[in-house]
Amino acid sequence: MTATEFAIISSIKVVVVVLAVLTGCAYATWLERKLVGHFQHRIGPNLAGPFGLLQPIADAIKLIFKEDIVPDNAERVTYALAPILMFIPAMLNFAVVPFGDTVTLFGHKIDMVVSDLNIGILFVFAVTSLGVYGIVLAGWSSGSKYSLLGGIRSSAQMISYEVAYGLSIMGVLVIAQTFSLNELVAQQASVWHWFIFRQPVGFVIYVICAIAETNRSPFDLPEAESELVAGYHTEYSSMRFAMFYIGEYANMISVSCVATTLFLGGWQGPFLPPVVWFVIKVIFFMSVYIWIRATLPRLRYDQLMYLGWKVLFPLALLNVMVTSLIVLL
Amino acid sequence: MELIIFYLAAVVAVGGGLMMIMQRNPVASVLYLIVTLVAIAVMFVQLNAVFVGALLIIVYAGAILVLFLFVIMLLNLRGEKFAEKRTRLDRPTRIILAVAFILELLAMFKQVAFPGRMDELMVQASPDFGGARPVAELLYTKYLFPFELTSILLLVAIVGAVVMARRDEKDKKRGI
Amino acid sequence: MSYYLLLIPLFPLLGFLINGLLLGKLNKKIVSIVACGAVGLSFLWGLKLFFNLLALPADSRIIEEIAFTWIPSGEFNVNVGFLFDPLSAVMVLVVSGVGFLIHLYSIGYMHDDSGYGRYFTYLNLFIFSMLTLVLANNYLLMFVGWEGVGLCSYLLIGFWFEKQTAADAGKKAFIVNRIGDFGFLLGLFIIFWSTGSLNFITVFDKAPQVFAMGAGLITAATLLLFLGATGKSAQIPLYVWLPDAMEGPTPVSALIHAATMVTAGVYMIARSHVLFLMAPTTLMVVAIVGVATALFAATIALTQNDIKRVLAYSTISQLGYMFVACGVAAFSAGIFHLMTHAFFKALLFLGAGSVIHSLSGQQDMRFMGGLKRHMPTTFWTFLVATLAIAGIPGLSGFFSKDEILWKSFSSDYGSIWIWAIGLFTAMLTAFYMFRLLFLTFYGGERMDHHAKEHLHESPKIMTVPLTILGVLAIVGGYIGIPHILGGGNNFEKFLEPVMGNVQHGGEEAMVMASSGQNGGTELMLMGISVVLILASIYLAYVLYVKNIALAGKIRQSLSGLHKILYGKYYVDELYGAVIIRPLIGLSLFLWKIVDVILIDGLLNGLATIIGDISKIMRPVQSGLLRRYTTVFLLGVVLILGYFVFR
Amino acid sequence: MVPMPYYLIVGAVLFVIGIAGVILSRNLIIMFMSIELMLNAANLTIITFSRFLNLMDGHVFVFLIMAVAAAEAAVGLAIIIMLFRNRETIDADKFNLLKW
């Protein structure tokens, strides 16, 4: 493969992935509204298109045409920068997630992954850890106390849970002895090799931390409507708000993708093409997300910190230690 | 190609660094420092130090600088302008010193360390150079003792930070 | 084969730690079980090792065990190591055995005391220190035990520290001991300096090579060691602490006087006999000091009214005997007397304690009397002990005391004068001991009405140790019956691996005695002493039972002498005038003149000067972080510039 | 292939920028960040040498330096918070207590 070919193929892959993720985000909102509607014994969006399938598009159009408001005492540059900072790391994550097996198209062998880094997991971490800036800066630069409080809360929450988040997958890494996501998938060829069965504790911790990382209910304190209006994006409107919105859903999807890759065997599966399996698993994970949101009440802030530092963190540490011990023996 | 990336990274790093120290607003400084760090991480990757590069982003950008940002937000610092009271000579002296220092460094590079073309000295890197495994191997064998010491250092830092930042009753009453 | 010598001192240490760390948390029963059990286990283990030792051939009865290295510092290497040979075996058995009995006794004696746990904690520490002292394989570890014993004596003598006199007595014991320790330490320095080691075996092996016989250095070293011994074993001039030590609980007195503390000096000299034999001058000093102390203390004991004080002076006197034995190079005789003395002196003190206990704390003999009927066990055991210390044939004291007298007469280092004074002292001993016995147990009951009603025999836990000690006081001497009386002198033989090679005088005499050449003399001397002792006992009987008025009359006619004796020769007052007063004066001088005016003045002046200088320098130190870093950078630039542009 | 001195020069420049930040800025936080920049300039140099000598030891050092930097940041920021609580400013020239 020549350099030119590489450049072209990579560009195509990037474009395809970005488009897919954006569409995924849009329909994730639809899925959420629909599911929550049914959980609450109502129908959810059903007017725009069949089953309300056109609803996300309508929403998008509405958001784009709204007025872009910037508060007077906002720090303009950072205020403008924050949604982008939120959005970009969320998208970057997809660069290393393998969506499927190698396929041959037009005589070219194409990996179904934008870039197969041999430190893929570390890349995911690095990018995830950058995600916090968008929120912090949004909260700080809005010049509103609700935003500030929401920003501080959410960044504290993300930093706290990042520790347990990182440790929870350490067990998988210790068993797999690799950072590469592709290899991780390859090691989960049969269902029984899925890491969820070898790392059940790690998986549970991962799910909880992932929810907290993405500021979703029941850990959605930073945007708790009842106390903080809408947290860090209170002052945002129009397209900037849309970017936060997309960023959040992109984050959810990326976390789901990573979970699928790490614990649920990635694209591995019988009969159906790999990409389909991957999508099925991600949708399953997203549904769990939404299900949890519809079921559980919000935690108090001290409970949240308690859970993160005094329950999950030691548990994850213990999990790593036990796993290492078993691997060592 | 590599050279182009390097130049880009170098310019971004130096420019970010300069912007960082020239800002009045600490939040902007933090952002510029992040930019610089990302550029440095790029150079790390160019030097095959993939693992350490990723760590640099995770540790610095993900943790340390968030802490900075936190403190800035906590103290609610906006671009403060400090009252001017320094003597007239101070600033020029300092700038001259800094310039002299970098000139000396460059002169030192030129005459002491590298006679001849450097790329000839370049050794082919081993296959797994810069990965997590060799770092870990050294860390747990040759450098085990410093590594353990580091853990003690971190513990001390945790305790120290907690003790110092804790508010005592007096402060609580003052509402700070 | 490992002997685990470490275990012997370890048990009391554990007892000390348990009782000490859980002080006030354990009830009395557990405290006493732990404390007594610890010492008892030591004794049993010592006994087992003793029999192991006996099973070995005589010349290989030296076991050295290194527990761990204590101070590795270049050439100076000190181990925590233990030496178990016949000498330390005897000492271990005496210390832990008698100590164990005293522990048992204490359970009864201290039963109502509020400091029960503390008491047993100290007691265990005491035994631990003493066992360390006797088991150490080097001088430094011995010194550790030596100091530990001193510390414990301070703690125990001042046990009732609410009482001013007790606290003072504790301090006095400690300070006087420090003087001796100082000498001991200096002696150790000399030894280490010349032999390069502190290990006993090494030192004794090297001593003949590095020291000339009777040279100044070895004499100095041994004299300094002896100074240490006088402190610990209460000899002239450092004996003054011992009578005051009576302020402690009576079992403590028994422990200090019989089993531990005071025997340390004798043991140390016996242990270092190789060195002492190389310094005849020192030996002479030891003998003279010993005999002088014996006589001196015995005369004081004649007039004292406090039952414990009489016993205290008798201890000093008996220790004098032991030093006489050491001084005439009859070390095994000294150790023999040490052992028998441990039995009967412990018995005497415990008996006295029993009496005091029954009289609710009354110690003055003038308010006793007639106790024979009330406390039969105490009386009979006390009688045995008195007979033993007086030297009545058939009891332990007779054999050991006579051995010493005979050696002081026959040894190369002895002389007839020492023998004569020793004999006279023996008479005095018999006299004052029987005076004590008669005043306490015979005659009218002179205590007040209230005390009289409370008279009772002590509980079992106190009388059983008394009985055991009584038996020991009788039979203890039979292991060392001299040849002349048909015995094998087994004790001396047992100690021979340690002492044998040096006892020229003793051995020759032994040979002479067995061949009958000199046997007549020995028998004759023995007879003389027995007769004289019996005579003095009779005198005591006449004076204190039959005709008490006569005693008073004699006291009146010799009132001057009595006053001196009763006032203990005014030694304490002498020390006060000669040493303490000038010391206070000197301290005052140092404080008011040297410290306040000279040193403080100098310092203040210096401080003022520095303050003035710093006023000039102060502006440089602005306290501004950035200015400091700038200066720092300037330094870096200059240094780097030097290397780049030179 | 990028020649080695290039990296070193970038490292040196960044280091001097850090120094300049410390001595020129009066804002304690920016001074502190400049120190972090200096640390990373040193890191870059170490990694460069490590790469050119083909020795992994440098990576270990960088790893340790990062740990130290984290500890330093925690303590340093706590100190800054304390200072701010007491003086309500983070102007380095307002603190002249270092002379005691």
Name the region of D:L39, side chain, backbone, both or neither, that has any atom closer than 4.5 Å to a heavy atom of chain B.
-> side chain

Search all heavy atoms of D:V75 against all heavy atoms of B:M164 and return the closest pair with its distance.
-> CG1-CE, 3.6 Å

Working to the nearest 0.5 Å, report the span between CD1 of D:I30 and CD of B:Q23.
-> 7.5 Å

Which answer fits B:A63, side chain, backbone, both or neither, if we ask what part of it has an atom under 4.5 Å from a heavy atom of chain D?
-> neither

Measure the spacing between CZ of D:R51 and CD of B:Q46 and express it to the nearest 0.5 Å.
-> 11.0 Å

Criterion side-chain contact (heavy atoms from CB on, under 4.5 Å) on D:S34 and B:I21, from CA distance to verdict | CA-CA 7 Å; D:S34 303; B:I21 65 166; 3.8 Å; yes

Looking at B:I158, B:L56, B:I95, which makes the most heavy-atom pairs under 4.5 Å with chain D?
-> B:L56

Looking at D:F32 versus B:F68, is the centre-to-centre ring distance below 6.0 Å?
-> yes

Structural part of B:L33 lying under 4.5 Å from a heavy atom of chain D | side chain

Note: vs chain D, highest number of non-hydrogen pairs under 4.5 angstrom among B:F147, B:Y143, B:Y7 is B:Y143

Taking atom CZ of B:F101 and atom CD1 of D:I23, what is their separation to the nearest 0.5 Å?
-> 10.5 Å

Proximal component of D:V68, with respect to chain B [non-hydrogen, under 4.5 Å] = both

Is it the side chain or the backbone of D:I9 that comes within 4.5 Å of chain B heavy atoms, both, or neither?
-> both

Over all heavy atoms of both residues, which pair between D:N27 and B:P26 is shortest? Give the atoms and the distance, please.
-> ND2-CG, 4.1 Å

Where on D:L14 is there a heavy atom nearer than 4.5 Å to chain B: the side chain, the backbone, both, or neither?
-> side chain

Test side-chain contact (heavy atoms from CB on, under 4.5 Å) on B:V71 and D:F84 and set out the steps.
-> CA-CA 10 Å; B:V71 169; D:F84 190 80; over 6 Å; no

Looking at B:N48, B:V52, B:I40, which one forms a side chain to side chain contact (heavy atoms under 4.5 Å, CB included) with D:I47?
-> B:V52

D:F15 portion near chain B, given a 4.5 angstrom heavy-atom threshold = side chain

Who among D:N40, D:L37, D:L64 has the most heavy-atom pairs with chain B under 4.5 Å?
-> D:N40

D:E72 versus chain B, heavy atoms under 4.5 Å apart: side chain, backbone, both or neither?
-> neither

Given B:L153, B:V59, B:V159, B:L149, the one with more heavy-atom pairs under 4.5 angstrom with chain D than any other is B:L153

Leading residue by heavy atom contact count with chain D [cutoff under 4.5 Å; candidates B:L155, B:L105, B:L65, B:L138] | B:L138

Sort B:T36 into side chain, backbone, both or neither according to what part of it lies under 4.5 angstrom from a heavy atom of chain D.
-> side chain

Contact winner vs chain D - B:L97, B:V30, B:V156, heavy-atom pairs under 4.5 Å = B:V30

In Å and rounded to the nearest 0.5 Å, what is the CG to CZ distance from B:L139 to D:F63?
-> 5.0 Å

Within-4.5 Å side-chain heavy-atom neighbours: D:L77 and B:F70 = no

Between D:A67 and B:T150 the two heavy atoms that sit nearest each other are CB-CG2, 3.1 Å

Before giving the answer on side-chain contact (heavy atoms from CB on, under 4.5 Å), spell out for D:H59 and B:F51 the whole-Å C-alpha distance, their side-chain angles and the decisive distance to 0.1 Å.
-> CA-CA 9 Å; D:H59 293 224; B:F51 176 64; over 6 Å; no

Spacing of D:N43 atom CG and B:F44 atom CZ [to the nearest 0.5 Å] = 5.0 Å

Provide the closest heavy-atom pair for B:A10 versus D:V10 in the form atom of the first, atom of the second, distance.
-> CB-CG2, 3.7 Å

Shortest non-hydrogen contact from D:A71 toward B:A157 = CB-CB, 3.5 Å

What distance separates B:M20 CE from D:E36 CD, expressed to the nearest 0.5 Å?
-> 9.5 Å

Do you know which of D:V22, D:I79, D:I80 has the most heavy-atom pairs with chain B at a distance under 4.5 angstrom?
-> D:I79

